[in-house]
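Starting from 1, each residue takes its place in the sequence as its number.
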Amino acid sequence: MTIAAINEQLLRAIGVGVALLDLQSLRLRFCNDTFRGWFGEIEVGSNLLEQFQDFDTEALRAALAGEGRYTTETTFRLRRRTMTVAMDFNRALDEDEPIAVLVCQNISRIKELESMIDSYSMMVERNTREIKREKEQVEKLLLNMMPRSVYEEYKTFGIVTPRLYDPVSVVCIDFIGFSEMVSTHEPAVIVSELNDIYTAFDRIGEQFGCARIRAVGDLYIGVAGLPDPTDDHAQAAANAAIRFMRYLNQRNGSHPIQWRCRVGIASGAVVGSVVGVQKYIYDVFGPAVIAASQLRYKAEPMTISGNRAVVERLGDEFTATEAGSITLSDGSEETVFRIAAEMRAQQER
C-alpha cells in the first residue's frame with residue numbers, strides 16, 4: 001500500500017474520515033473534509049494525541065510497529081449529538097517513508113442499534129422472568145385447587161377426564177355457631193382465624209394423605225385415597241380428623257375465639273373432575289360426599305361420626321360405637337358410628 005495509490009479527490013468525497021500521520025511522531029500530514037467535520041478544524045502538523053488524549057499510546061505504537069494495524073473506538077459530542085467513531089490505523093509507505101493511514105467510520109447508528117438490542121434483550125429477559133414467576137404462581141394456585149396428577153393432565157390436554165374413585169374416604173367438617181361468630185366479630189378477624197385453621201388443616205391433611213378439596217365458609221372437605229388409590233384411606237381420613245380436633249383444642253387454650261367443630265367421615269365412591277370453563281375448580285361429588293356431609297350433622301361438638309364402610313376399614317386402631325342412624329338421599333338407612341377421638345392403642349397404655 002503506497003500513498004501514490006490514494007486518490008485525494010476520492011478521499012474528499014467518501015463518507016469516511018481519512019487522515020495520514022507520520023508514523024514516528026503521529027503528527028497529521030493530511031485529512032479529508034469528513035475528518036475535519038467530525039474532529040474540528042484540526043491543523044496539519046498537529047499531534048494526533050493532543051486531539052485524542054484517551055488513546056493508549058503505547059498500545060498504538062506497539063501495534064503499528066508489530067502487525068502494522070491498530071483499531072479502537074472513540075466517542076465525542078458533535079453538535080449536541082453523541083457520536084461514536086471506529087478508528088483503524090494501518091502502517092504504510094510514502095516514497096519509502098513510513099506513515100500511518102487512519103480511516104474513521106461513523107458507527108453511532110450501529111452503537112444505537114446495539115444499545116437497543118441490549119435494552120430489548122434485557123426487557124425480554126425481564127419479561128421472561130416475570131412470565132416464569134407468574135407461571136409458577138399459577139401452577140402453585142392450581143396445585144392448591146387440584147391434585148398434581150390432575151393438574152398435569154389439565155396442563156397437557158386442557159381438559160380433565162371425569163373419573164370414578166371407589167373407594168375413598170371423605171372428611172366433612174363445619175364449625176358450631178359459625179353464623180353467630182360472623183355476626184359478632186369483624187370480617188377481617190374471622191377471615192384471619194379461618195386462614196390459620198385451614199392452613200393447619202391442610203398441613204395435617206398432607207401429613208396423613210388427606211387432601212383438601214373444598215373450603216367454603218366454615219365447610220371443609222378433604223378426601224383420602226384420591227387420585228392415587230390407597231388401601232388405608234379410612235385410617236388416613238380418621239387420623240387427619242382426630243388431629244384436626246386436637247389442633248383446635250390446643251388453639252382454643254391460647255386464643256380468645258373458641259372454635260368447636262363436628263366431623264363426618266364416609267367411605268364410598270366419588271366422581272372427581274374440573275367443573276367450569278373460566279372460573280373452574282376441581283371438585284368431587286357422589287355418594288361418599290353426600291354421606292359425609294349428612295354424617296356431620298349427627299356428630300356432637302368435637303366428635304366424629306362415620307358410616308359402616310369407614311368403621312370396617314379402620315380395624316382395631318380406633319374405637320367405634322353405634323350412635324343412631326340417618327336416612328340417605330336415596331332413601332336408605334345408614335347406621336351412624338361414633339369414632340373415638342383417641343386411638344385405642346393410646347387408651348390401653
Side-chain angles (χ1 to χ4, degrees), residues 143-144 147 167-178 181 192-255 257-268 270 284 288-289 291-293 295-307 309-321 323 336-349:
L143 287 174
N144 284 332
V168 297
S169 290
V170 179
V171 179
C172 189
I173 305 171
D174 69 357
F175 295 102
I176 309 299
F178 183 73
M181 295 173 68
S192 177
E193 293 276 309
L194 285 175
N195 181 66
D196 290 344
I197 293 171
Y198 287 165
T199 299
F201 282 8
D202 289 346
R203 187 169 58 251
I204 293 169
E206 182 179 0
Q207 178 183 354
F208 289 98
C210 182
R212 168 164 59 103
I213 299 298
R214 188 190 314 159
V216 182
D218 69 327
L219 178 63
Y220 183 99
I221 297 178
V223 179
L226 179 155
D228 301 319
T230 58
D231 294 332
D232 61 346
H233 54 84
Q235 291 92 333
N239 273 317
I242 287 173
R243 268 62 176 193
F244 291 163
M245 290 190 298
R246 286 183 184 173
Y247 166 77
L248 289 180
N249 280 327
Q250 294 173 356
R251 191 178 193 280
N252 289 338
S254 58
H255 285 71
I257 301 179
Q258 303 295 292
W259 293 86
R260 300 165 68 230
C261 71
R262 52 188 180 180
V263 183
I265 303 178
S267 290
V270 299
V284 296
V289 177
S293 179
L295 284 165
R296 85 180 190 273
Y297 293 120
K298 296 292 290 186
E300 297 294 330
M302 300 302 283
T303 65
I304 303 171
S305 291
N307 63 355
V310 168
V311 173
E312 290 175 349
R313 288 178 170 83
L314 290 179
D316 296 332
E317 293 186 55
F318 301 89
T319 59
T321 57
V336 178
F337 291 87
R338 180 72 46 78
I339 299 174
E342 295 290 340
M343 290 189 295
R344 176 178 294 171
Q346 293 179 339
Q347 293 176 336
E348 292 175 352
R349 293 177 182 174

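Partner of M245 under the side-chain contact (heavy atoms from CB on, under 4.5 Å) criterion, chosen from I173, I304, T303: I304.
Shown here is E206, whose CD atom has no more than 12 heavy atoms of other residues, nucleotides or ligands within 6.0 Å. Residue D231 qualifies as open at atom CG: its count of foreign heavy atoms under 6.0 Å is 12 or below.
Rounding to the nearest 0.5 Å places CD1 of I213 at 9.0 Å from CD1 of I221. Remark: R260 CZ to D174 CG distance equals 12.0 Å, nearest 0.5 Å. Taking CD of Q207 as the start and CG of D202 as the end, the distance is 13.0 Å to the nearest 0.5 Å. Here the CD1-CD1 distance, from I242 to I265, works out to 7.5 Å after rounding to the nearest 0.5 Å. To the nearest 0.5 Å, atom CD1 of residue I176 and atom CE of residue M181 are 11.0 Å apart. In this structure, the separation between SG on C261 and CE on M302 is 5.0 Å, given to the nearest 0.5 Å.
With hydrogens and angles ignored, the 3.5 Å screen pairs a side-chain donor or acceptor of N252 with a backbone N or O of W259. Side chain of T199 to backbone of N195: a donor-acceptor contact under 3.5 angstrom is found.
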Inset, instruction - Verify side-chain contact (heavy atoms from CB on, under 4.5 Å) between F201 and L194, making sure each step is shown before the conclusion. - result: CA-CA 10 Å; F201 282 8; L194 285 175; over 6 Å; no

Legend entry - Stepwise side-chain contact (heavy atoms from CB on, under 4.5 Å) check, V284 with L226: CA-CA 10 Å; V284 296; L226 179 155; 3.8 Å; yes

Inset, instruction - Evaluate the side-chain contact (heavy atoms from CB on, under 4.5 Å) criterion for residues V336 and L295: first the C-alpha distance (whole Å), next the side-chain angles of each, then the deciding distance (0.1 Å), finally the verdict. - result: CA-CA 7 Å; V336 178; L295 284 165; 3.8 Å; yes

Inset, instruction - Take D196 and R251 through the test side-chain contact (heavy atoms from CB on, under 4.5 Å) and record every step on the way to the result. - result: CA-CA 10 Å; D196 290 344; R251 191 178 193 280; 3.5 Å; yes

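In terms of heavy-atom proximity, A236 sits nearest to F208 at CB-O, 3.1 Å. The heavy-atom pair separating G222 from C210 by the smallest distance is C-SG, 3.9 Å. S267 approaches R313 most closely through the heavy-atom pair CB-NH1, 4.0 Å. Minimum interatomic distance between S169 and A237 (heavy atoms only, all atoms of both residues): CB-CB, 3.8 Å. Between I197 and F175, the shortest heavy-atom contact is CG2-CZ, 3.9 Å. Counting all heavy atoms, side chain and backbone alike, A291 lies closest to A266 at CB-CB, 3.6 Å.
L314 has its side chain within reach of I339: a pair of non-hydrogen atoms, C-beta onward, lies under 4.5 Å apart. For the pair H255/E193, a side-chain contact is recorded, criterion being any heavy-atom separation below 4.5 Å from C-beta on. Side chains of R296 and L219 form a contact here, defined as non-hydrogen atoms less than 4.5 Å apart. I204 is listed as a side-chain neighbour of F244, based on a closest heavy-atom distance under 4.5 Å. Side-chain contact between R262 and Y297 is present, with at least one heavy-atom pair separated by less than 4.5 Å. Side-chain contact between Y220 and V171 is absent, with no heavy-atom pair separated by less than 4.5 Å.
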